[in-house]
Amino acid sequence: MASINGDVRNPTEVRMSQMVLPCHANHRGQLSTGQLLKWIDTAACLSAERHAGCPCVTASMDDIYFEQTISVGQVVNLKTKVNRAFNSSMEFSCMQIVERSREGEMNGEVLAQKTRVESVELVLPPHANHQGNTFGGQIMAWMENIATIAASRLCHAHPTLKVIEMFHFRGPSQVGDRLILKAIVNNAFKDSMEVGVCVEAFCHDVGVPRRHINSAFMTFVVLDENNHTCILPRIKPETGDGERRYREAIARRKIRLDRKYVISCNQSEVPLSVPWDPCNQVYLSYNNVSALKMLVSKTDWVLASEINKVHLYTLEDGKFLSFKVEITVSIDARQTFNLLSDMSRRSEWDRYYKECQLLQEVDEDDAIYHVVSTVRSADGKLQDFIILASRRPPCDVG
């Protein structure tokens with residue numbers, strides 16, 4: 001396993017980063033020694049398990065010195081590793097580094113790699129429900145904590161969380177699972193920054209792969225004493241995957257601003273479309289589906305015609321004219337969905353489609369097609385257009 005600095009990393013090494021909150025502190029606003037010992041014990045236990053391949057318990061702790069205090073708002077970074085293994089015991093060491101915010105250092109350019117944070121959490125019974133599954137709110141709290149640390153490494157201040165996007169529970173985790181949380185600043189704009197967070201779960205069994213269970217994008221700002229947003233330093237992305245995250249953060253921000261504008265408009269207004277750009281191809285489908293859902297939910301559709309149980313509705317709104325077609329068929333919903341969503345087969349049932357060519361598969365639910373119609377323009381050429389088709393499978397078989 002290679003570390004982020006490129007040097008060889010001890011396979012038993014465990015890293016934990018924790019933001020000191022008021023609930024961790026005593027009456028003087030300083031981190032309580034009991035809380036610090038709890039973090040050290042958890043990290044050391046997980047480090048020992050990586051070597052032993054089975055659950056471990058703490059037998060003793062020797063020579064603990066508290067040389068300085070840690071205050072609320074500071075970040076504690078713990079690094080533990082096994083020094084030596086004996087017949088029935090192991091010795092580990094723990095290095096503790098405290099990050100202190102340096103107010104006013106929000107100038108220049110910061111390497112994205114310097115904002116990278118990796119931490120580990122052990123799921124205990126208080127973190128789970130009666131079925132042993134980890135509370136979603138607990139995972140969100142851990143993700144917010146690790147994202148805040150990553151954001152603070154860019155701004156050297158105390159960031160404030162403003163937006164959470166695309167938070168997905170991809171799978172459950174249970175009591176006894178170990179959660180690896182990773183966060184990095186994807187991009188920094190004038191007064192906000194986006195942090196990407198992912199969570200992987202694994203058990204102590206050797207050879208069992210990690211499970212990707214959660215991911216999200218969190219937007220932070222830094223407020224001054226007058227609650228005004230501060231100007232943030234620029235971010236320099238890593239080559240390759242870092243540049244991809246950098247571009248996708250720009251696309252997500254544009255869609256977020258467009259969606260905010262749409263929500264702020266009157267419901268009578270038709271949602272605006274988002275211009276196509278290669279960097280926002282993955283996220284454009286969200287707007288595609290959202291715009292259609294808002295459009296179909298309007299109440300002033302007018303029935304224009306009804307032929308052979310096919311209902312054609314129209315909606316006029318300013319310079320926009322929208323159409324909606326409804327038909328009831330005695331065919332399985334999934335079979336109907338597969339037929340309607342397969343653009344390459346549309347010419348089989350739509351006489352206005354001459355041919356349809358797949359240009360790019362964005363993901364398993366979205367694709368870009370070049371469609372040629374049977375209608376000719378004034379110069380005699382067949383009309384054609386590019387379409388992004390977003391399909392979402394039915395929630396059930398009904």
Spatial distance of atom CG (Leu122) from atom CH2 (Trp39) [nearest 0.5 Å]: 15.0 Å
For Thr12, all residues meeting side chain to side chain contact (heavy atoms under 4.5 Å, CB included), sequence neighbours excluded: Asn10, Ser47, His51, Lys81, Val82
Value rounded to 0.5 Å, distance of CG in Asp191 from SG in Cys230: 9.0 Å
Tyr352 atom OH, over 12 foreign heavy atoms within 6.0 Å: no
Within 6.0 Å of CG in Asn87, more than 12 heavy atoms from elsewhere: no
Contacts of Phe169 that satisfy ring pair (Phe, Tyr, Trp, His ring centres under 6.0 Å) - sequence neighbours left out: Phe167
Distance (rounded to the nearest 0.5 Å) between Leu179 CG and Ile213 CD1: 5.0 Å
Polar side chain donor-acceptor pair, Thr239 to Glu243, under 3.5 angstrom: no
Near-ring test His127/Trp142, centroid separation under 6.0 angstrom: yes
Ile164 side, atom CD1; Phe217 side, atom CZ - distance, nearest 0.5 Å: 13.0 Å
Donor-acceptor pair between Gln74 and Gln30 side chains, under 3.5 angstrom: no
Residue from Leu232, Ile231, Thr229 passing side chain to side chain contact (heavy atoms under 4.5 Å, CB included) with Lys190: Ile231
CD1-OG1 distance between Ile139 and Thr134, expressed to the nearest 0.5 angstrom: 5.0 Å
Salt bridge (Lys or Arg N to Asp or Glu O under 4.0 Å) between Arg252 and Glu165, worked out: CA-CA 9 Å; Arg252 279 188 293 271; Glu165 291 182 292; 5.2 Å; no
